[in-house]
Amino acid sequence: MNHQHSEPLPFPDFASSVLEPDPASLAGLSNDEIRPSTQTILEEHRLHYYTILYLHNAAAPIHTLPTELLVKIFGQTWQDRRSVHLTSVCRRWRSVYLSTPQFWAAGMAGSKDVRSVTVPSEHVAALLERSSPCLIHTEVLGPESPDVPDPMSALPVELSVHSHRVSSLSICMQSTRPVLDNLPRLLETSTPALETLHIYCGHEKAQLGRIDLTSLPRFPEINLPHLYEVFISPAELFPLFTARSLRRVSLSGSDPYARVISPDPMVLLQALRSCPNLETLHFGNYAIPDEWPVTGRVAVIHLPSLKERGIVETSNTSICAMLDALSVPPTALIQVAGVDNTSVADLVPCHLFRSRPFDKFSLRTDRHSWWILKCFVNHSRQVWELRLDGASLRGVLLLNYFQGMHVTHLEVLNQWCITWWNATPCTVENWVVVLPALPHLTSLTVCGATGPNSILPALAQYTISSDAPSTHLPCPALQAVVLCWRVAARGKNPGEPTNLPEGCDKATCASWDAEEHIRWRCSTMQPVFEQRALKAAPSLKTLGFWEYETDSSWPEDAMKHGGVRIPSTCRDDRSSACLARLRGVVGGPVVYGGYLLGKASDDQ
């Protein structure tokens with residue numbers, strides 16, 4: 001076949017940009033012959049380009065790092081499944097990543113969503129293989145709907161070969177059957193590294209059904225030699241995982257509408273008896289049996305190493321029964337929370353509360369109607385934490401509960417505001433009722449929107465003694481007082497506390513000179529302490545007060561977390577005439593701590 005030859009190099013416009021020796025190899029070729037020839041040249045140049053690019057990248061600073069250092073860096077780079085693309089950056093990175101088990105172990109902890117797994121996943125299998133010999137921390141999520149197979153059926157197969165490396169295992173289930181059928185297959189062999197086991201329900205609509213513990217195998221303790229912490233929901237599964245090695249146990253019940261049978265109290269107590277070394281024990285909602293044996297028919301469970309016990313329950317009967325059933329050291333912290341409880345008496349019997357004496361307590365409210373009472377021994381070691389929903393101040397500080405208790409320090413943070421769910425505010429009448437319960441009080445700190453304005457009048461009022469018709473000045477031993485007014489913008493509700501003078505807004509108040517702030521607050525405090533002085537109250541050793549705009553912290557804590565004090569607002573009785581006059585009444589030093597802004601001080 002005859003070919004029509006062209007000029008020595010076709011397409012002369014490209015002649016100047018084609019490098020030697022390519023023009024010579026293309027000279028004299030026809031159009032039909034040029035395409036395959038240029039394709040061959042292109043492949044040669046492409047290989048040469050990647051070789052040069054590899055040499056260029058190899059000279060980059062990152063590639064001058066030793067491989068051992070890269071392994072440490074790469075082991076911290078897993079974020080989610082897209083992190084796998086880091087292995088495609090270059091040839092060396094891929095080699096280092098494939099030999100960095102910490103990276104793939106982090107992938108096991110991060111690859112949580114395996115809802116669609118019905119057979120051993122190649123993705124999970126690769127992570128398991130490449131993460132060796134690192135410990136495994138992983139979580140398995142149940143299916144989103146009953147129509148999707150539960151991944152628990154594949155879990156034992158995937159992990160069985162690596163069970164000796166499983167350190168933390170979390171299982172989110174939507175039904176109990178796959179867990180109960182397949183988890184024994186995983187734990188039937190020894191899991192010596194397993195320290196943390198979490199089993200919990202995915203959401204309140206989970207169809208857990210009823211559980212018959214008598215038909216289920218209890219996992220041999222020898223297979224769980226280092227099990228340290230368990231979180232089990234529903235709580236009735238807990239007896240399957242008891243071990244002497246356990247130190248932390250947290251149990252939670254299911255939504256009452258899920259129709260899960262309440263834990264059997266005898267079975268639950270027997271399970272706790274098998275864990276004598278517990279240090280923390282928490283019972284969440286619906287985790288305590290509905291029906292409890294009559295006191296005296298059940299042997300008390302002794303937990304001599306317990307440091308913290310928590311109970312959250314809607315039934316005060318169940319709370320009291322659980323408190324009586326477990327014997328703990330007097331140094332242990334007991335946390336109790338109840339719903340719709342309006343008094344401490346609804347949570348803790350008086351005899352039990354008074355059996356754990358304390359000398360300091362902190363009382364605070366939040367914006368969701370909770371009162372939180374924390375009690376301390378030696379001003380530092382906490383022994384009680386009580387949470388009440390919808391209580392008033394007089395419902396928290398019950399006179400008969402505190403009588404005879406040598407309480408010397410009280411801190412109150414009142415975040416009350418007007419909302420339909422909020423707690424009852426601290427009124428003057430409330431304080432007048434409860435202060436007689438604190439005759440030994442030497443230190444008093446009150447912060448918040450309504451607290452300082454309520455406590456001041458109460459400190460100047462006589463109270464009637466319960467055992468004699470004589471009158472008494474409240475808190476006769478008082479030596480130190482700190483008052484902190486929370487300043488807020490005026491809301492839509494006219495009754496909302498702002499702690500601002502009439503006609504003044506928050507921005508204007510913040511712009512005041514320090515002496516104006518002092519004059520305003522002293523006009524409130526001076527009459528109160530004058531009345532106490534007329535009634536022969538002893539002198540105070542210190543009186544301090546603040547103003548602050550932060551939402552939830554004590555002023556000192558707020559400063560540690562970004563709060564900003566307006567410069568030059570601190571004053572003492574040596575630099576302020578108003579404070580000097582107030583000192584003449586109270587007897588001791590008087591200090592204005594300043595005006596504390598929130599973090600967003602630029603908005604002022």
Side-chain angles (χ1 to χ4, degrees), residues 195-196 227-232 235 238 241-252 263 265 268-285 287-289 292 295 298-313 315-338 341 344-364 370-388 396 398 401-402 404-411:
E195 295 182 348
T196 304
L227 189 61
Y228 181 88
E229 176 183 19
V230 296
F231 173 87
I232 306 293
F238 168 62
F241 305 97
T242 58
R244 296 183 65 85
S245 60
L246 276 175
R247 297 295 186 271
R248 302 173 59 88
V249 170
S250 181
L251 306 178
S252 179
L268 180 60
L269 290 176
Q270 185 60 39
L272 291 173
R273 197 185 301 275
S274 302
C275 309
N277 300 313
L278 285 181
E279 295 179 357
T280 63
L281 176 61
H282 287 267
F283 294 91
N285 283 327
I288 300 178
W292 201 265
T295 303
V298 180
V300 175
I301 305 299
H302 296 278
L303 300 174
S305 301
L306 202 69
K307 299 178 181 178
E308 184 177 309
R309 173 170 55 161
I311 301 174
V312 178
E313 186 54 67
S315 168
N316 55 358
T317 303
S318 298
I319 290 175
C320 294
M322 180 57 73
L323 289 173
D324 289 335
L326 299 178
S327 173
V328 302
T331 56
L333 166 62
I334 297 181
Q335 300 170 313
V336 184
N341 291 285
V344 172
D346 293 337
L347 292 183
V348 183
C350 184
H351 73 277
L352 181 59
F353 184 78
R354 292 167 61 87
S355 69
R356 301 167 64 83
F358 50 87
D359 53 18
K360 172 186 175 180
F361 66 92
S362 168
L363 180 63
R364 62 181 296 169
W370 283 99
W371 281 91
I372 305 172
L373 174 65
K374 299 181 180 181
C375 304
F376 303 84
V377 174
N378 297 328
H379 301 174
S380 58
R381 179 170 55 82
Q382 190 175 348
V383 294
W384 282 110
E385 181 172 317
L386 306 180
R387 294 174 176 248
L388 295 93
V396 179
L398 295 178
Y401 270 57
F402 286 84
M405 306 283 277
H406 199 85
V407 178
T408 60
H409 287 64
L410 169 61
E411 297 177 342

Do the non-hydrogen side-chain atoms of L281 and L272 ever get within less than 4.5 Å of each other?
yes
Residue pair P329 / L303: nearest heavy atoms and the distance that separates them
CD-O, 3.3 Å
Please report the interatomic distance CG(L326) to CZ(R273), rounded to the nearest 0.5 Å.
10.0 Å
Partner residues of H406 under the side-chain contact (heavy atoms from CB on, under 4.5 Å) criterion, sequence neighbours left out
T408, H440
By side-chain hydrogen bond (donor to acceptor under 3.5 Å, both in side chains) - contacts of Q382 (at least two apart):
E385
Contacts of type ring-ring contact (aromatic ring centres under 6.0 Å, His included), residue F376, not counting sequence neighbours:
none
Could you grab the distance from atom CH2 of W371 to atom CG of L386, nearest 0.5 Å is fine?
13.0 Å
CZ of F361 to CG of L410, rounded to nearest 0.5 Å, is 4.0 Å
Of all heavy-atom pairs linking P304 and P276, the shortest is CD-O, 3.8 Å
Separation between CZ of R364 and CG of L373, rounded to the nearest 0.5 Å:
12.5 Å
Would L388 and D346 count as a side-chain contact (heavy atoms from CB on, under 4.5 Å) here? Give the steps.
CA-CA 9 Å; L388 295 93; D346 293 337; 5.8 Å; no
Give me each pair satisfying side chain to side chain donor-acceptor pair (under 3.5 Å) with a member in residues 302-311, each pair once, sequence neighbours excluded.
H282-E308, H302-S327
Hey, can you tell me if F358 and F402 have their rings parallel, tilted or perpendicular (30° and 60° cut-offs)?
perpendicular
In terms of heavy-atom contacts, L251 and A235 come closest through CB-CB, 3.8 Å
Show, in sequence, the C-alpha distance, side-chain angles and deciding distance for W384 and V344, and conclude whether the side-chain contact (heavy atoms from CB on, under 4.5 Å) test is met.
CA-CA 12 Å; W384 282 110; V344 172; over 6 Å; no
Kindly write out the residues that satisfy salt bridge (Lys or Arg N to Asp or Glu O under 4.0 Å) with K374, not counting sequence neighbours, or none if the list is empty.
none
Identify the heavy atoms of T196 and L227 that sit nearest to each other, and give their distance.
N-CD1, 4.3 Å
Between K360 and E411, is a salt bridge (charged side-chain N to carboxylate O under 4.0 Å, His left out) present by the stated rule, with each step listed?
CA-CA 8 Å; K360 172 186 175 180; E411 297 177 342; 3.7 Å; yes
What I'd like to find out is whether the side chain of D359 reaches to under 4.5 Å of the side chain of N378, using heavy atoms alone.
yes
With respect to F283, which candidate in L268, V336, V312 satisfies the side-chain contact (heavy atoms from CB on, under 4.5 Å) definition?
L268
Closest contact, heavy atoms only, T280 versus L306:
N-CD1, 3.7 Å
Using a cut-off of 6.0 Å, state whether more than 12 heavy atoms not belonging to R248 lie near its atom CZ.
no
Kindly write out the residues that satisfy ring-ring contact (aromatic ring centres under 6.0 Å, His included) with Y401, not counting sequence neighbours, or none if the list is empty.
F353
Here the pair of heavy atoms bringing R247 nearest to S245 is NH1-O, 3.0 Å
Reported CD1-to-CG distance for the pair I311 and L347, which is rounded to 0.5 angstrom
10.0 Å
Does CZ belonging to R381 count more than 12 external heavy atoms closer than 6.0 Å?
yes
Pairwise distance CZ(F241) to CD1(I232) - rounded to 0.5 angstrom:
5.0 Å
